[in-house]
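One structure below.
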Amino acid sequence: MSERRRTPRPTRRYPWLRPGGANRADAAPRPAPAPPGPPRDEQRTTAAEGTPREPDERSVVDAAVYRDGRRVGTPGTLAATYRRLREETGAMAWIGLYRPSEAELLSLAEEFDLHKLAIEDALEAHQRPKLERYGETLFVVLRAARYLDAPEEVDFGELHVFVGPDFVITVRHGAAPDLSAVRARMESTPELLALGPEAVLYAILDAVVDGYAPVVAGVQNDIDEIETEVFRGDPEVSRRIYELSREMVEFQRATRPLVGMLHGLMAGFDKYGTDEELQRYLRDVADHVTHTSERVDGFRSALTDILAVNATLVTQQQNAEMRALAEAGFEQNEEVKKISAWAAILFAPTLVGTIYGMNFTHMPELDWVWGYPFAIVLMAVVCVSLYVIFKRRGWL
C-alpha cells in the first residue's frame, strides 16, 4: 500500500485524538484548493485496459460533509467527498460503508493516511473489540448485537470505526447497529455534532451499547423459559441451554472489552482535553456497559447452574427408570418361578401316568392288585413334596 502525506487542513483538531495532546495552533495553513481535475484516486489505471479505474462504491451507504454541526454536502462518491472536504474550511466528513471492497478501503487509506494494519483488520473482519491509536487516528472495533424473536437467538455484527481530526469512517460487517438512526440523531442535535468526530464516536458507542438492552431482555426471557422446561423434564432443553451458553460467550466477548476501552478513554479526559459534555456522555455509556457486562456474566453463571441442575434431574429420572425396570424384572422373575414350580409339580404325575399308559404286555405293575392305588399315592407324594420344597424357597 502506497503512503502519502495528506495536505494539512486548518480544521478543528481534537486534542484527545492526537498523541500527547499537541496543540493545533502551530499547524501549517491550508493551501488554496487545487484547480478542477480528476482526483488522485480517479487517476489510477489498470495495466490491462489503460483506462481510469474507480473503486467500486456500491457499499457506500452515506457520505456527508458537516460544518458547525450541519450537513453542507452529500457527495455521491468517495472522490467527491474528498474534494468537498478539501474545499470546506473547518469541516468534517462522515463516511458510512457496508462491507466495502479492498479498492474502497485502499482509497480511504491513501486519502486519510489510515494505517495498513487497521485496513487489514477492516478487510478481514472477525476482530475482537479493541481501541488502537495510530498517530492522529483512532481505530475502534465494536461488536453489536440484536435479538431475533422468531428463532430466539442473538445475532452479532461487527463495526469498525476510524476517527480522525476531521473525519469519521464506519465500516459495518453485519445488520447491527443501525447507523442511519445514529446519523439522524446527530443531525437533529447540531450542537452535539458540532463537537466533532469524537461526538460521533460517542453516538456510535451509545447506539451499540443501547442495542444490548433488548438482547439482555430477550436472554432473560429465554432463561426463564429454560428453567420451566428443565423442571418440566423437556428432553430438548439441554441443547437449548448449550446453544444459549455459546451465545453468552460471544456476548461476553463483545461487552467485556468495551469496559476497558471506555475506562481508557475516561482516563485520558484531562490529558487530551475532552469536552466536559462529552465526558458526561461517555461516563454514562461506561456505566451502561458495566451494567450489561455484569448481567451477561450473571447469565452465563445462571446457565451453568441450570445445566448442572438439569444434569442432576436427568440422572435422577434415569435412576428412577432403571429402578422401575429392575422392579418390573423382579416381579417378572417371581412370576416365572411360580410358573416353573407349578410346572414341576404337574410334571411328576404326568410322568407316572405316561409310563403306566404305554400299555406294553410285559409290565409287572399291570397285573398287580395294588398297582393303581400305588401309582396314585406315588403321584400325590411327589406333588406334595415338590410343593413343600418350592414353598420353603419362596417360589410359591
Side-chain angles (χ1 to χ4, degrees), residues 9-19 21-24 27 61-74 81 84-85 88-97 108 112 114 129 131-142 144 159-172 177-212 258 261-289:
R9 305 189 185 97
T11 55
R12 283 186 59 188
R13 299 291 182 174
Y14 304 97
W16 74 299
L17 293 174
R18 296 177 55 81
N23 196 330
R24 183 60 182 154
V61 179
D62 195 0
V65 176
Y66 300 89
R67 188 178 60 215
D68 298 327
R70 301 187 183 278
R71 186 186 289 238
V72 294
T74 307
T81 304
R84 187 61 185 268
L85 183 61
E88 292 288 342
T89 302
M92 174 191 74
W94 183 354
I95 302 172
L97 305 172
L108 291 165
F112 295 109
L114 305 181
L131 185 149
E132 299 285 350
R133 187 184 300 276
Y134 299 101
E136 293 183 330
T137 303
L138 284 177
F139 176 60
V140 183
V141 178
L142 303 172
L159 176 65
H160 299 181
V161 186
F162 296 89
V163 183
D166 55 358
F167 66 88
V168 176
I169 302 169
T170 59
V171 180
R172 193 156 50 94
D178 182 9
L179 293 183
S180 62
V182 177
R183 192 184 291 264
R185 171 196 172 189
M186 295 299 290
E187 291 181 349
S188 65
T189 54
E191 65 279 2
L192 179 60
L193 186 56
L195 296 177
E198 68 271 34
V200 177
L201 176 60
Y202 149 72
I204 294 173
L205 287 169
D206 188 52
V208 171
V209 174
D210 286 347
Y212 293 151
L258 267 179
M261 290 165 55
L262 284 166
H263 280 84
L265 288 176
M266 291 165 58
F269 283 167
D270 295 334
K271 179 178 180 180
Y272 298 114
T274 306
D275 184 88
E276 291 185 3
E277 190 69 12
L278 281 178
Q279 291 185 26
R280 300 188 187 97
Y281 289 148
L282 288 171
R283 288 194 188 97
D284 181 66
V285 175
D287 290 341
H288 291 172
V289 169

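Keep in mind that the numbers below use all heavy atoms, side chains included, and drop hydrogens, waters and symmetry copies. Quick caveat, the model's predicted, so the values are computed rather than measured. All residue numbers in this chain count up from 1 along the given sequence.
- Residues Leu201 and Val140 are in side-chain contact: their nearest non-hydrogen atoms beyond the backbone lie under 4.5 Å apart.
- Minimum heavy-atom separation, Thr170 to Gly96: OG1-CA, 3.2 Å.
- When the side chain to side chain contact (heavy atoms under 4.5 Å, CB included) test is applied to Asp210, the partners found at least two apart in sequence or on another chain are Asp206, His288.
- Taking each heavy atom of Leu193 and Gly69 in turn, the nearest pair found is CD2-O, 3.4 Å.
- Contact annotation: the side chain of Leu97 approaches that of Leu108 to within less than 4.5 Å [non-hydrogen atoms, C-beta and beyond].
- For Glu187, the side-chain hydrogen bond (donor to acceptor under 3.5 Å, both in side chains) partners two or more places apart in sequence, or in a different chain, are Tyr66, Arg71.
- Proximity of Thr137 to Phe112: side-chain heavy atoms (C-beta onward) are nowhere separated by under 4.5 Å.
- For the atom pair Tyr212 OH and Leu258 CG, the distance stands at 5.0 Å (nearest 0.5 Å).
- Rounding to the nearest 0.5 Å gives a distance of 9.5 Å between CE of Met92 and CG of Asp166.
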_Residue pair Val61, Leu179: steps toward the side chain to side chain contact (heavy atoms under 4.5 Å, CB included) verdict_ = CA-CA 10 Å; Val61 179; Leu179 293 183; over 6 Å; no
*Quick one: do Leu205 and Leu282 satisfy side chain to side chain contact (heavy atoms under 4.5 Å, CB included)? Show the steps, please.*
CA-CA 9 Å; Leu205 287 169; Leu282 288 171; 4.2 Å; yes
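- Every residue two or more places apart in sequence or in another chain that forms a ring-ring contact (aromatic ring centres under 6.0 Å, His included) with Phe139 is listed here: His160, Phe162.
- Of all heavy-atom pairs spanning Ala286 and Leu262, the tightest one is CA-CD1, 3.7 Å.
- Using a 4.5 Å heavy-atom cutoff, the side chains of Asp62 and Thr74 are in contact.
- The side chain to side chain contact (heavy atoms under 4.5 Å, CB included) search around Asp68 returns none, not counting sequence neighbours.
- In this structure, the side chain of Arg84 does not engage the main chain of Ala93 through any donor-acceptor pair within 3.5 Å.
- Residue pairs meeting the ring pair (Phe, Tyr, Trp, His ring centres under 6.0 Å) criterion with at least one partner in residues 190-211, sequence neighbours excluded, are Tyr202-Tyr281.
- Rounded to the nearest 0.5 angstrom, Leu85 CG and Arg67 CZ are separated by 11.5 Å.
- When all heavy atoms of Ala144 and Val208 are compared, the pair lying nearest together is CA-CG1, 4.1 Å.
- Between Arg183 and Ala64, the shortest heavy-atom distance links the atoms NH1-CB, 3.8 Å.
- Here Ser180 pairs with Asp178 under the side-chain hydrogen bond (donor to acceptor under 3.5 Å, both in side chains) rule; sequence neighbours left out.
- Between Glu198 and Val163, the closest side-chain pair of non-hydrogen atoms is not below 4.5 Å.
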